[in-house]
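Here the structure comes first, spelled out in structure tokens, and everything after it is commentary.
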Amino acid sequence: MRMSHLVGARYKERPAEATLESHAFLLRGGYARQVANGIYSLLPPGFRVCHKIEQIIREEMDRIGGQEVLMPVVLPRELWEESGRYENVGSELLRIQDRTGHDMLLAMTHEEAVVHLCRYEVHSHTQFPFMLYQIQTKFRDEPRSRGGLIRVREFTMKDAYSFHTSQEDLEACYARCYRAYQRIFARAGIPEVAVVQSDSGMMGGSVAHEFMLLTAVGEDTIVTSEDGSYIANQEVATGIIDGDSEAPLPLEKVHTPDCRTIDEVAGFLGVATRKTAKAVFYDHDSEGKLVFVVVRGDREVNEAKLARLIQAAPVPADEARIRSVGAEPGFASPLGIDREKVRLVIDHTVKSSNNLVTGANETGYHYTNFNLDRDLPGVETVDVVDIEEGDLAPDGKSRIVLQRGIEVGNIFQLGRKYTQSMGMTYDDEQGKAQVPIMGCYGIGVGRLMSSVMEVRRDEYGPRWPITIAPWQVHLNALKLDQPPVREAAETLYLELCAAGIEVLYDDRNARPGVQFADADLLGIPFRIIVGERNLKDGNLEWKRRDTGENGTIPLENAAETIAQWLREAIAQVETAAPESL
RNA sequence: CGGGGUGUAGCGCAGCCCGGUUAGCGCGCCUCGUUCGGGACGAGGAGGUCGGAGGUUCAAAUCCUCUCACCCCGACCA
């Protein structure tokens, strides 16, 4: 590629809307342009990186027996009604109508489409297991997209779906996919991606893992232990939260005027927030009951955990709804509440602490010395709070440290949620109809590109791993108007191209500073500089963008030398990938 | 959806509070010349419905009303 004709301006200045470094470089380097909120076009460099990532994904999915297909972006309402998601998924599902007024939708994921496809194609246990995948556009009408390509509304995703006749078979496939993902991220140049236990969210299913690139700008909170033995998404993380064991004191009702928050109550009574019990209300559980959550005052309700408990999306309840069950906002308490009217959810922390302050369900009054075992005997407690920094890991051996991560991939054991509801069956050995078990496996391509950019860069631009760089070699010719320089550069360019190497040739006769600054923004790992300074000795200069190494090589046979370097550099990245299963 | 902010040339911004020629500046772009190893210099030039609509006024980028878009924080989210 001759750079004089490369489309995509590079900016010297940082665009105002960029927040993350990767976002700034995407715009400054001419990789992507925003069309609307969370909707982007990719320019040639950005598309080339994405295409290479996709190619790695293809190779690894094919290696474990994946079969590539392509399903539609636009799906009819009826298909999603079969699974129940047309009603269950909120406004992030973009619903549209065709010219006849028929309800359609833009797929945000393709479980329905793949089951629709397979239920007509596969009928016998002899055809199992199998895995289909596609690399295709998804649309999710995010309430708030941000961070360049990290979180967008329209994006390209590799989504794979496996079908099995037994849980054991699913688990074997899951393990292969898990390993394939490790290989994909390693080959893309970020072998440090961590695997964490995760929530399966609206997808349903049980076992799920997320592949997280740990970075301060990540949107997810990851709970890790200091000794490295534990790692989980905060949405599912468990741990040991310290309690205390004072002798229970008599329950006492005290006047607490205008103390509606935990901080106000604790301050007024002169106790630590951890010596209080906090009431939080959500509307409503799967049976329509108000959910009354009680956690220790210094702790936060983990809404992902709560959602799994109540089998519904927790929505904070308004004051009228809280009063309707006899509780008093600001002074609410599990003591004396009508348990027929509410779904009482009490966290373990309330049981493991003593003599807590809790509301009296009466404006201006709290109880002190609330002890769950004594005052509400027989109430079961659950885990419904966030694990925080300094708690103990589940094994009790190590302290918890919180980190941030970007989710670059995920894998789920889905079970029969979609095959059951959509009536997919096969005949088993006895000729009896059975419902297959599914797994699903996703990777966001653009998010992966941005994520790599976020962790492989310096102040001047990205430092692409050789395996996903937009081009492999950046050829700079300094003073192109001088015949010897032009001749050497043009010849080398053609030789490199002939050798099958991807070359970006800066043939613009621009000043060196301009060329180098642009080269930094494009982040190509091998830079070859043709300039009169070294050319008079028959040499070329080279520089590694990724490692900073540099030197000179003879012009003669340079293409062969460079080709050899590339093979070695690629091999070096690939050796970081674990063996396939 | 709640709170805050910003819309002026491809990019970054000033001008607005306190209305008044032909709306500026830096970068980028085009032409010519001098330059040339980390974003050169000089000369000349192109490029603007001041986000949109309505209003106030002799006069609106500037004041008022409405509206749209984008950004940030929160809620939400596979």
Side-chain angles (χ1 to χ4, degrees), chain A residues 7-20 23-24 27-30 33-40 85 88-94 107-111 138-148 150-153 155 157-159 161 198-205 208-211 219-220 233 235 282 303-304 307 313-316 407-412 414 417 440-444 447 459-461 476-482 485 506 508-521 527 529-536 540-541 543 545 550 552:
Chain A
V7 175
R10 285 158 304 280
Y11 304 148
K12 191 186 286 190
E13 290 169 290
R14 181 191 176 106
E17 72 261 29
T19 47
L20 307 182
H23 189 191
L27 298 173
R28 285 189 56 205
R33 298 286 183 245
Q34 180 161 313
V35 176
N37 183 309
I39 298 177
Y40 284 79
R85 283 208 291 187
N88 292 342
V89 175
S91 51
E92 63 268 28
L93 176 63
L94 184 60
M108 44 196 289
T109 174
H110 279 80
E111 283 77 12
K138 301 278 182 280
F139 193 91
R140 298 180 186 176
D141 200 354
E142 288 285 342
R144 186 177 156 209
S145 59
R146 66 196 104 170
I150 299 276
R151 185 178 189 78
V152 289
R153 297 197 295 169
F155 57 100
M157 182 175 178
K158 185 285 297 177
D159 48 322
Y161 307 90
S198 72
D199 186 12
S200 52
M202 76 160 192
M203 305 296 303
H209 288 85
E210 288 166 341
F211 290 74
E219 291 196 290
D220 288 274
N233 193 307
E235 293 177 343
Y282 293 93
E303 293 188 355
V315 178
E407 180 188 346
V408 289
N410 56 41
I411 55 180
F412 294 104
L414 261 186
K417 176 176 157 103
C440 72
Y441 318 87
I443 293 178
R447 177 181 285 187
E459 61 180 302
Y460 304 110
N476 283 119
L478 307 182
K479 293 192 199 171
L480 250 193
D481 50 348
Q482 298 193 359
V485 173
D506 195 341
R508 297 176 298 170
N509 195 28
R511 296 174 60 80
V514 173
Q515 289 197 24
F516 293 150
D518 279 350
D520 289 341
L521 282 171
R527 187 178 304 173
I529 301 157
V530 182
E532 58 174 357
R533 183 195 287 176
N534 290 298
L535 198 56
K536 64 182 189 302
L540 301 169
E541 186 178 333
K543 184 175 181 186
R545 176 82 178 98
N550 64 83
T552 58

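Here is the naming used below: chain letters follow the sequence lines, and residue numbers restart at 1 for every chain.
Across all strands shown, B:U65 pairs with B:A53; the Watson-Crick or G-U wobble distances both stay below 3.5 Å. In this entry B:C76 has no Watson-Crick or G-U wobble partner, no candidate having both defining distances under 3.5 Å. Summarising the base pairing, B:C17 is matched to no nucleotide, lacking a Watson-Crick or G-U wobble pair whose two defining distances lie under 3.5 Å. Under the Watson-Crick and G-U wobble criteria, each requiring two contacts below 3.5 Å, nucleotide B:C25 is paired to B:G12. Pairing of B:U34, defined by two Watson-Crick or G-U wobble distances under 3.5 Å, is identified with B:A40.
Between A:L27 atom CG and B:C11 atom P there is a gap of 11 Å when expressed in whole angstrom units. What separates CE of A:M108 from P of B:C76 is a distance of 16 Å, to the nearest Å. We find that CG of A:N37 is positioned 15 Å from C1' of B:G5, with the value rounded to whole Å. In this structure, the CG atom of A:L20 is 13 Å from the C1' atom of B:C71, given to the nearest Å. Taking atom CD of A:E13 as the reference point, atom P of B:G26 lies 12 Å away to the nearest angstrom. Rounded to a whole Å, the CD atom of A:E92 is 14 Å from the C1' atom of B:C1. If you measure from atom CD of A:E235 to atom P of B:C76, you get 11 Å, rounded to the nearest angstrom.
Within the 4.0 angstrom heavy-atom criterion, only backbone atoms of the sugar-phosphate kind lie near A:E17; the bases stay farther away. Contact annotation for A:P15: backbone-only contact, meaning every heavy-atom pair under 4.0 Å involves sugar-phosphate atoms and none involves a base. Note on A:A9: nothing from the nucleic acid sits closer than 4.0 angstrom, heavy atoms only. Among the protein residues, A:Y441 comes within range of no part of the nucleic acid, since none of its heavy atoms lies under 4.0 Å from any strand.
Side-chain N/O atoms of A:T19 include one lying less than 4.0 angstrom from OP1 or OP2 on B:C72.
Nucleotides B:A14 and B:G26 have their P atoms positioned 15 Å apart, rounded to a whole Å. The separation of B:C13 from B:G55, taken at their P atoms, amounts to 33 Å, rounded to a whole angstrom. The gap from the P atom of B:G15 to that of B:G42 amounts to 26 Å, rounded to the nearest Å. Between B:C72 and B:G10, the distance separating the two P atoms is 22 Å to the nearest Å. The same atom, P, is picked in B:C50 and in B:A23; the two are 11 Å apart, to the nearest Å. B:U62 and B:U6 have their P atoms separated by 15 Å, with the value rounded to a whole Å. Nucleotides B:C68 and B:G52 are separated by 7 Å at their C1' atoms, to the nearest Å. Atom name C1', nucleotides B:A69 and B:C27: the rounded distance is 25 Å, in whole Å.
In this structure, A:R85 pairs ionically with A:E111, as a charged nitrogen and a carboxylate oxygen lie closer than 4.0 Å.
With A:R545 contributing its side chain and A:K543 its backbone, the two residues share no donor-acceptor pair below 3.5 Å. Checking side-chain atoms of A:N509 against main-chain N and O of A:L480 turns up a donor-acceptor pair under 3.5 Å. Looking at A:R28, its side chain does come within 3.5 Å of a backbone N or O of A:Y11 through a donor-acceptor pair. Proximity of a side-chain donor or acceptor of A:E532 to a complementary backbone N or O of A:V485 within less than 3.5 Å is not detected. Side-chain atoms of A:E142 never come within 3.5 Å of backbone atoms of A:R153 as a donor-acceptor pair (strictly under, hydrogens ignored). The closest donor-acceptor contact from the side chain of A:K138 to the backbone of A:H110 lies at 3.5 Å or more, if one exists at all.
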task = Encode nucleotides 35-47 of chain B as B, S and - characters from 5' to 3', where the letter depends on protein heavy atoms closer than 4.0 Å: B to the base, S only to sugar-phosphate, - to neither.
result = BBBBBB-------
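The residue among A:E303 and A:R153 whose nearest nucleotide of RNA chain B lies closer to the 5′ end is A:R153.
Remark: A:L27 CG to A:Y40 OH distance equals 6.5 Å, nearest 0.5 Å.
Of the candidates B:C70, B:C76, B:G12, B:C70 carries the atom nearest the A:A36 side chain, counting heavy atoms from C-beta on.
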message = Run the side-chain contact (heavy atoms from CB on, under 4.5 Å) test on A:M108 and A:V89 for me, step by step, so that the C-alpha distance in whole Å, both residues' side-chain angles and the decisive distance to 0.1 Å come before the verdict.
response = CA-CA 10 Å; A:M108 44 196 289; A:V89 175; 3.9 Å; yes
